[in-house]
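Note on naming: letters A, B, ... go to the chains in the order of the sequence lines (proteins, then strands), and numbering restarts at 1 for each one. What's counted below: heavy atoms across the whole structure, side chains too, no hydrogens, waters or symmetry copies.
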Amino acid sequence: MAVGRAVDRETLLALYRTMVRIRTFEETAHKEFLKGEMPGFLHLYSGEEAIAVGVMSVLEPDDYLSTHHRGHGHLIAKGGDTKRMFAELLGKADGFCKGKGGSMHIADISLGVLGANGIVGACVHIATGAAFACQYQKNGKIAVAFLGDASTNRGTFHEALNLASIWELPVVYVVENNHYGVANPQSEHMRIKDIADRAAGYGFPGVVVDGNDVIAVREAAAEAVDRARGGGGPTLMECKTWRHWGHFIGDAATYRDPVEHEAWLKRDPLILCAEALRSREWATEEDLEKIQAEADVEMVAALEFAKKSPYPSKDELLTDVYVD
Amino acid sequence: MGTRIMSYAEAVADALKIEMRRDPRVYIAGEDVGRFGGSFGVTGYGVFAEFGPERVRDTPISETAIVGHAVGAAAAGLRPAIEILFMDFLLIAMDELCNQAAKVHYLFGGQLKCPLVLRTAVGAGMGTAAHHSQSLEAMLCHTAGLITIAPATPYDVKGLLSSAIRDDNPVVFLEHKMLYAQKGEVPEGEYLIPIGRADIKREGSDVTLVCWSGMVRQCLAAAEDLEKEGISAEVLDLRTLIPLDKEAILESVAKTHRLAIVHEACLTGGFGGEIASIVADKGFDLLDAPIKRVAGPDTPVPFSPVLEAEFIVKADKIAAAVRELLG
């Protein structure tokens, strides 16, 4: 959903609408999961919507992404069809991956989304390689990796950022710092406060961004994306945020301070964006309610579609292992 | 097409040059593959000179980045021909190879292809000890989604590398480091050897020796010795491990009724066990004797020349196993 760079009324409403759609998708999936009707693991993006939406709003439709296990929001923000997403979450034949990937591997390659990934820190290499392909082919495209705070402790992070630096690749690394690696707080898994500081080790810019403020994310992303597309090399963007739920559904997140949790909930990206719309008098309560109502209708229909979709035929077990 | 005597290393370089001329999407990346010419000298045979640093790319010592970036590059339209200097170092990048490259086609329901070739040097014999000498092909064969090729001659290595680069699947291409200097007659132009087809390197009627990579030479030497004793051994070079040419193995056993599988890798969990199992299942009635495996011992590869020589399976050991089968 590339829109104009200036944050005018239409743009901000579009950003808000996509954030509401992501939240509603996640809440719908959450309910379905608790009913026991969704297999596997479910990692919800609720609370982090401003990051995917802000970044994607300054990408071109054929730019590449590589993401992680919490990857529904990125796909929706890149234009993913929620019907086929729910079908994938239910392991159905109409899913983007014919039900072979599920939540943790959701992908629409035709949108440049090179997949969510079940291995923490794997997306960093994939985005770096896609960025290399863009540079090699001189096609003007760029690649973005969305990664978590804890994945920056993996060796892949170091090797990929170093390679991107020496090859001056058109790539943006967006760290979604929700402050916990599963249950392990940031203060216990690294000595630094700002992950953006790590960029200094690679000789390219690192910026800290309020990850719950979609306008701030969009502005920082615009600068990073322009740098990448203009041949200026990589950027590390650290977006500070908070997940509303545990690491996965089933994790009660008892390791978090309830006071801190409440404070972050007040800074919910949807609340902040709604306030920005109201204060500029760009949206009435009615407008906002209408956006929510439309998202509700969309997700009910999408889930219904997914439920009606058939399971893959058993023969699918053996297909797609090799390209014929 | 004219032929020329060239080394195994030159034959690898020849295939790389032909494929890079043919397809601009093919590029090389690895440690010291550029100006330095590769630690085994492969890209030094005119590859870097012809294609330069844009297409023959030096990387830092970052194995996960070499393999991992190639997955993304392949997903975005390129055809990487990457090099991991020693197969032992591939263990560093097993996530990128086995969890990513091997699985992306399946995981995403066929939406994505990963056409990459990973060339790497395998095997003992140079006195390089346990971190630079292993034959780890069994691990690759256990990972669905990978193709594993292990050629033994200059002719095979060139034709199979061209096929590997044109294939749309991730291919691990094992080059035995003790074969790089071996010379043979090789066509000068382009030719393709189909992936998944074994080759009878010597015909015989009393016993089948199934082998690949560095063990083909040893099997041929053993067959020569056995011939003097009136034993006719067939040497079947698999060339490709996955996909496995099961028909060729069973056809040969149908002719000879005896089977020895020879590999340099350690015995336990080695790929020989898989072949033995297939023949026991599908060819039990063809056999006149139990299946023998002649393989490396279950040890790390040692350094001392005396110990390393003891580790590597040689013709005498193979011949002794065959005599047992016929005894």
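Residue contact with chain A, scored on non-hydrogen atoms closer than 4.5 Å, is absent for B:P243. Only the side chain of A:Y64 comes within contact range of chain B, with at least one heavy atom under 4.5 Å from a heavy atom of that chain. Interface residue A:A116: only backbone heavy atoms are found under 4.5 Å from chain B. Residue A:A127 does not touch chain B at all, counting heavy-atom pairs closer than 4.5 Å. Using a 4.5 Å cut-off between heavy atoms, A:E88 does not touch chain B at all. The part of B:E63 that comes within reach of chain A is its backbone (N, CA, C, O), which places non-hydrogen atoms under 4.5 angstrom from that chain. Contacts of A:T156 with chain B are made by both backbone and side-chain atoms, with heavy-atom separations under 4.5 Å. If you measure heavy-atom distances from A:L161 to chain B, you find no contacts under 4.5 Å at all. Contacts between B:L116 and chain A at a heavy-atom distance below 4.5 Å are absent for every atom of the residue. If you measure heavy-atom distances from B:D95 to chain A, the contacts under 4.5 Å come from the side chain alone. With a 4.5 angstrom heavy-atom cutoff, B:I66 does not touch chain A via any of its atoms.
Among residues 98-111 of chain B, the residues having any heavy atom closer than 4.5 Å to a heavy atom of chain A are, in sequence order, B:N99, B:Q100, B:H105, B:Y106, B:L107, B:F108, B:G109, B:G110, B:Q111. When the heavy atoms of residues 142-149 of chain A are compared with those of chain B, none of the residues falls under 4.5 Å. Of residues 70-79 of chain B, those residues lying under 4.5 Å from chain A by any heavy-atom pair are B:V71, B:G72, B:A73, B:A75, B:A76, B:G77, B:L78.
For the pair A:L163 and B:S62, the minimum side-chain heavy-atom distance is 4.5 Å or more. Inter-residue side-chain proximity for A:Y136 and B:R25 is flagged as unmet; no heavy-atom pair is nearer than 4.5 Å.
Other residues, nucleotides and ligands contribute more than 12 heavy atoms inside 6.0 Å of the NZ atom of A:K307. Atom CZ of A:F41 has 12 or fewer heavy atoms from other residues, nucleotides or ligands within 6.0 Å. Surrounding NZ of A:K98 are more than 12 heavy atoms belonging to other residues, nucleotides or ligands, all under 6.0 Å away. At most 12 heavy atoms of other shown residues, nucleotides or ligands fall within 6.0 angstrom of atom NE2 in B:H131. Remark: B:R35 CZ is loosely packed, at most 12 non-hydrogen atoms of other residues, nucleotides or ligands lying under 6.0 Å away. The neighbour count for A:K100 NZ, taken as heavy atoms of other residues, nucleotides or ligands under 6.0 Å away, is above 12. Within 6.0 Å of atom CD1 in B:I278, more than 12 heavy atoms from other residues, nucleotides or ligands are found, so the atom counts as buried in its surroundings. Shown here is A:R229, whose CZ atom has more than 12 heavy atoms of other residues, nucleotides or ligands within 6.0 Å.
Considering every non-hydrogen atom in both A:Y322 and B:T143, the closest pair reads OH-O, 4.4 Å.
With chain B as partner, the option from A:L114, A:I119, A:D108 having the largest number of non-hydrogen pairs under 4.5 angstrom is A:I119.
For B:D156, the salt bridge (Lys or Arg N to Asp or Glu O under 4.0 Å) partners two or more places apart in sequence, or in a different chain, are B:K201, B:R239.
Annotation: the span from B:D58 atom CG to A:I166 atom CD1 amounts to 9.0 Å, rounded to 0.5 Å. Rounding to the nearest 0.5 Å places CG of A:N162 at 10.0 Å from OG1 of B:T59. Note that CD1 of B:I92 and CD of A:E159 are 8.0 Å apart. Values are rounded to the nearest 0.5 Å. The line from CG of A:D324 to CG of B:N169 is 8.5 Å long, rounded to the nearest 0.5 Å.
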